[in-house]
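Notes for the one structure printed next.
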Number of protein chains: 2
Amino acid sequence: MRVPKKERQRLLQETIERNPFIKDEELSKQFSVSIQTIRLDRMELKIPEVRERIKHVASEHLDEVKSLSMSEVIGDMIDLKLDDSAISVLDIEKEHVFSRNEIARGHVLFAQANSLAVALINDELALTTKAEIRFSRQVHLGERVVAKARVMKLRGDGRTDVTVESYVGEERVFEGDFTIYRRGEEEQA
Amino acid sequence: MRVPKKERQRLLQETIERNPFIKDEELSKQFSVSIQTIRLDRMELKIPEVRERIKHVASEHLDEVKSLSMSEVIGDMIDLKLDDSAISVLDIEKEHVFSRNEIARGHVLFAQANSLAVALINDELALTTKAEIRFSRQVHLGERVVAKARVMKLRGDGRTDVTVESYVGEERVFEGDFTIYRRGEEEQA
DNA sequence: ACTGCTATTAGTACCAGGTATTAAGTTCTT
DNA sequence: AAGAACTTAATACCTGGTACTAATAGCAGT
């Protein structure tokens, strides 16, 4: 029931990480020590009080919601010449990868490329109708993917061909040929 | 500066919705009324105190994180025969659509199809290497997309061809031919 | 067995951001 | 001018802490 200090602190850290909502009182019961001991432990481990922990979780949440609804593009657009070319950057984070092997999921790279291709079109309505894509190398957690889109052909009938190539450093990791429909309301993005 | 009660309460509700972290004191300054008035307003509007609001935001966040890491599939898998066929369902919600026209973004449908195709593979490591996709009709906010994946060919070299067709009711909205690599570590999903 | 050190517990004062309640103005309206 | 609706004030109390001081327990070394 009663474990040594080091062990207790390890478990404490884990416990709080798993459930940031837990109060000192509950923790003290769980580890069969006084509240004061728990507080000393938190001090040593630099773990803030419940309310601060909850606030932190909540603000992370808000950040996420914001960054999702703030832009219609996945990744940060760093250059845009309408109907010509565009570049966006995406840093691969935890939520983008398979937890098993820390390799980015295919649809993340696709999403970056697709949203870039759509943003490139100088028209109110732009929807992807077709795409042909190749993943040439895995992308790992922590890597930075730079996607470069270029308009290849502006067809008369409202279709535009866009090619996107994504790189990590010098290496190409993704390639896609997109056909984007503009204006009309009959196709799908 | 000083607005009538009804108006103030409307603004109060909005303000708190936009920023759940705001305290009564700040609110009272913003509306140039006393703290007590703010508290009466909250009572009438059944808006809980700051800490409860923050807690609520935080717990929503935790739910999300859980449901994200719980399944590696976008959408709900409702049928799965490994190396044969699988079906998943995805309800199109606000976060899936362009705010301008409420049409689902292409990469949402792609993500559903791609993750379904990958999940279908009976192997530890499965990564998409190639895909050819067609969006045959727009999908709107509120619609339910049913994706059906079927293994077409199990090649000897570790490659598997999977076809995914997605429907809203009877109508096909998406079609994709995926090549999935299994086992090896040289390709990308 | 006594010293010395760490670890633990106890106790008190204080804080933020409230709730709950009672009472006293203030305004508007009729 | 009277009554109702609205606003402010004042006070006691709550939770989940911080900060600090002080007492006690447990054990190692000599």
Gap between atoms CZ and P, on Arg39(B) and dT8(D) respectively (whole Å):
13 Å
If you measure from the Lys or Arg side-chain nitrogens to the Asp or Glu carboxylate oxygens, is any gap between Arg10(B) and Glu7(B) under 4.0 Å?
yes
Of the nucleotides dT8(D), dG18(C), dG17(D), which has the atom closest to the Val50(B) side chain?
dG18(C)
Under-3.5 Å donor-acceptor pair between Arg51(A) side chain and dG17(D) base
no
Report which part of the nucleic acid Arg53(B) touches: base, sugar-phosphate, or nothing (heavy-atom distance under 4.0 Å, all strands).
nothing
Checking all strands, does Glu49(A) fall into the base, sugar-phosphate, or nothing category for heavy-atom contacts under 4.0 angstrom?
sugar-phosphate
In this structure, how many angstroms lie between the C1' atom of dA7(C) and the CD atom of Gln9(A), rounded?
11 Å
Both Thr37(B) and Arg42(A) contact DNA chain D. Which one's nearest nucleotide lies toward the 5' end?
Thr37(B)
Under 3.5 Å donor-acceptor, Arg53(A) side chain and Pro48(A) backbone
yes
Looking at Glu25(A) and Lys23(A), is there a salt bridge between them, counting it only when a charged N and a carboxylate O are closer than 4.0 Å?
no
dC6(D) P sits how many Å from Asp41(B) CG, rounded?
10 Å
Atom-to-atom span, CG of Leu40(B) to P of dT7(D) - whole angstrom
8 Å
Charged N-O contact under 4.0 Å between Arg134(B) and Glu175(B):
yes
Below 4.0 angstrom from OP1 or OP2 of dT8(C), is there any side-chain N or O of Arg8(A)?
yes
Face-on cation placement of Lys148(B) at Tyr167(B) ring, 6.0 Å and 45° thresholds
yes
Give the rounded distance in Å between these two atoms: CD1 of Ile35(B) and P of dA20(C).
16 Å
Please give, in whole Å, the distance from dC15(C) P to Glu52(A) CD?
18 Å
Rounded distance in Å - NZ (Lys55(B)) to C1' (dG18(C)):
12 Å
By nearest-nucleotide position on DNA chain D, the 5'-leaning member of Lys5(B) and Met43(A) is Lys5(B)
Whole-Å distance, Gln36(B) CD to dG17(C) C1', equals 13 Å
